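What follows is one structure encoded as structure tokens, with my remarks underneath.
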Amino acid sequence: MSEHELRVAKIRNGTVIDHVTAGQALNVLAVLGIDGDGGLGVSIGMNVPSDKLGTKDVVKVEGRELSQGEVDIISLLAPEATVNIVREYEVVEKNRVERPARVVGLLSCPNHNCITNADEPVDSAFAVVDDGVRCEYCGEIVREGIGDHLAVD
Amino acid sequence: MRHDNLLSAGQLSREDIEAVLDRAAEVAADPGRVAERQAGRLLALCFFEPSTRTKMSFDTAIKRLGGDTVDMGTVESSSVKKGESLADTVRVIEGYADGIVLRHPSEGAAKLASEFVDVPVVNAGDGAGQHPSQTLLDLYTMRENAGLDDLTVGIMGDLKYGRTVHSLAEALTNFDARMHFVSPESLKLPRGVQFDLHEAGARLREHTDLEAVLPDLDVLYVTRIQRERFPDENEYQQVAGEYRIDADTLDRARDDFTVMHPLPRVDEIAPDVDPTEQAAYFEQAHNGVPVRMALLDELLGGDDGGAGR
């Protein structure tokens, strides 16, 4: 991409989540709990051209590195994503996301009749299956729109 | 069986199932031999939804083993009405009893309960989820009437919300069974159950009409289609009428055909089927006692340590 086309400025220190499935950038921010209130510098590119994906989203967060739980859930929203750690404008670490075996407390079950939606003192728990996730309590399978079920504010 | 709880049929191996059924057959043949096996033990009956057969047969089963029950009563008369969580309710009841039998309207309730207590939990129905103790008595009845090998089973009615169906289908994957699922389009097996059946390598087919598969069936397991699943009365009447069997249906089936139903039935099996040799549903309900005696004995452990956890 030439300077002419550059849509999202480089960051000095922080994380660049690249190759995010087009349309999922706002869900990635939701996973990270970033809504602009915390004062972090955030840049988002949505539906930008990508050689690998056709179009992709890019999320850049100034001054923040990701936890394993955050990376896990991003892997479900955007299996092709790469997580780049940037220090002094240079990428010092570049990781592909890996799908975890299970995710706990990060998604809410779309089955309204599931006991995890009943104000009980438990975290939701989903097993990661071939092409989606499955509630360990009620067995509900979520394949599409996992980002719609994030258990974050 | 080496389990602390019975939460879903999927946890049961063929060996687990056969052990309970064999034990149930021994119990049925000579109930007197086990009359003191659970003497002094208390079983808590926690039914957050109405029940007749399941609750009474667990009650009977533990008493025939020499034990007794403590009953939470109806939700209206309990502290659940005051907004207590299930987790708190079962933690309190754990202090009163040696095991908990739980029926609850939410899927996953029994699993949740089991995470908060150390006593065995039996899932006696969790919403549209599972009802594994019913499955054990269903399999017992099937084995008595048709055997469990090289079996062709039809399962008809409300396959979407029918928890007895979900548990039975999963358990049948342990056996050499071909499964035909017969239901209206709107009440087909849910995705999660289909997933488990395919993972287990089940041989299954789905149909909207019974007639084509009827002559192949050894067993037909009929379930009730509930009125509240349909937006209007006309649609319900039309659908329910298509999944009703009567004595004429039996004429088109094999001679050694067996008709089962977890009960209660409304009108999906006509009364003219009741006196026939094919009708096994009342026998099936009676089998709930020896099967649940065998199950409780396995889960609670006997006083001679012979069938401990």
Side-chain angles (χ1 to χ4, degrees), chain A residues 21 23-24 27 31 68-69 72-73 75-79 98-153, chain B residues 5 7-11 46 48-49 75 80 82-91 102-117 121 123 125-132 160-163 165-167 169-170 189-200 228-229:
Chain A
T21 311
Q24 291 293 329
N27 283 328
V31 170
Q68 188 59 47
D72 283 352
I73 205 83
S75 74
L76 300 175
L77 300 173
E98 267 182 53
R99 281 154 50 93
R102 59 198 293 258
V103 288
V104 176
L106 299 169
L107 296 170
S108 53
C109 184
N111 172 11
H112 296 301
N113 206 41
C114 176
I115 194 71
T116 59
N117 288 320
D119 211 16
E120 294 288 339
V122 286
D123 286 328
S124 70
F126 287 81
V128 177
V129 296
D130 284 352
D131 52 352
V133 296
R134 181 171 204 207
C135 175
E136 292 183 358
Y137 286 86
C138 75
E140 181 85 0
I141 290 178
V142 189
R143 292 197 173 101
E144 305 85 23
I146 290 174
D148 298 338
H149 305 295
L150 295 173
V152 289
D153 296 330
Chain B
N5 306 294
L7 304 178
S8 86
Q11 77 182 69
C46 303
F48 291 74
E49 275 187 335
V75 167
V80 175
K82 299 174 189 163
E84 186 174 54
S85 69
L86 175 62
D88 278 3
T89 303
V90 294
R91 274 183 286 193
L102 177 71
R103 170 167 293 184
H104 195 279
S106 295
E107 287 95 70
K111 175 177 162 57
L112 179 139
S114 73
E115 291 170 357
F116 285 90
V117 299
V121 173
N123 182 2
D126 60 333
Q130 290 271 321
H131 193 354
K160 185 174 182 182
Y161 299 100
R163 56 195 172 202
V165 169
H166 306 160
S167 289
E170 285 185 18
L189 282 177
R191 236 164 30 164
V193 177
Q194 297 235 12
F195 179 88
D196 285 329
L197 296 183
H198 285 296
E199 286 279 293
E228 57 266 32
R229 305 297 181 206

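In what follows, chains are A, B, ... by sequence order, proteins preceding strands, each numbered from 1. The structure presented is a predicted model; accordingly, all values stated were derived computationally and were not measured. Because only heavy atoms are used, hydrogens play no part in the values below, and waters and symmetry mates are left out as well, while side chains stay in.
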Check chain A and chain B for donor-acceptor pairs under 3.5 Å and report each one on its own line.
| unit_1 | atom_1 | unit_2 | atom_2 | d |
| --- | --- | --- | --- | --- |
| A/Asn111 | ND2 | B/Glu107 | OE1 | 2.7 |
| A/Asn113 | O | B/Glu107 | N | 3.1 |
| A/Asn113 | ND2 | B/Pro105 | O | 2.9 |
| A/Asn113 | ND2 | B/Glu107 | OE2 | 2.6 |
| A/Ile115 | N | B/Glu107 | O | 2.8 |
| A/Glu120 | OE1 | B/Leu86 | N | 3.1 |
| A/Glu120 | OE1 | B/Ala87 | N | 3.0 |
| A/Glu120 | OE2 | B/Leu86 | N | 2.6 |
| A/Arg134 | NH1 | B/Asp196 | OD1 | 2.7 |
| A/Arg134 | NH1 | B/Asp196 | OD2 | 3.4 |
| A/Arg134 | NH2 | B/Gly192 | O | 2.9 |
| A/Arg134 | NH2 | B/Asp196 | OD2 | 2.9 |
| A/Tyr137 | OH | B/Glu115 | OE1 | 2.6 |
| A/Tyr137 | OH | B/Glu115 | OE2 | 3.0 |
| A/Ile141 | O | B/Arg191 | NH2 | 3.1 |

* **Atom pair CG/SG of B/Leu112 and A/Cys138 - distance to nearest 0.5 Å** => 12.0 Å
* Counting only heavy atoms closer than 4.5 Å, note whether B/Pro105 contacts chain A via side chain, backbone, both or neither. => backbone
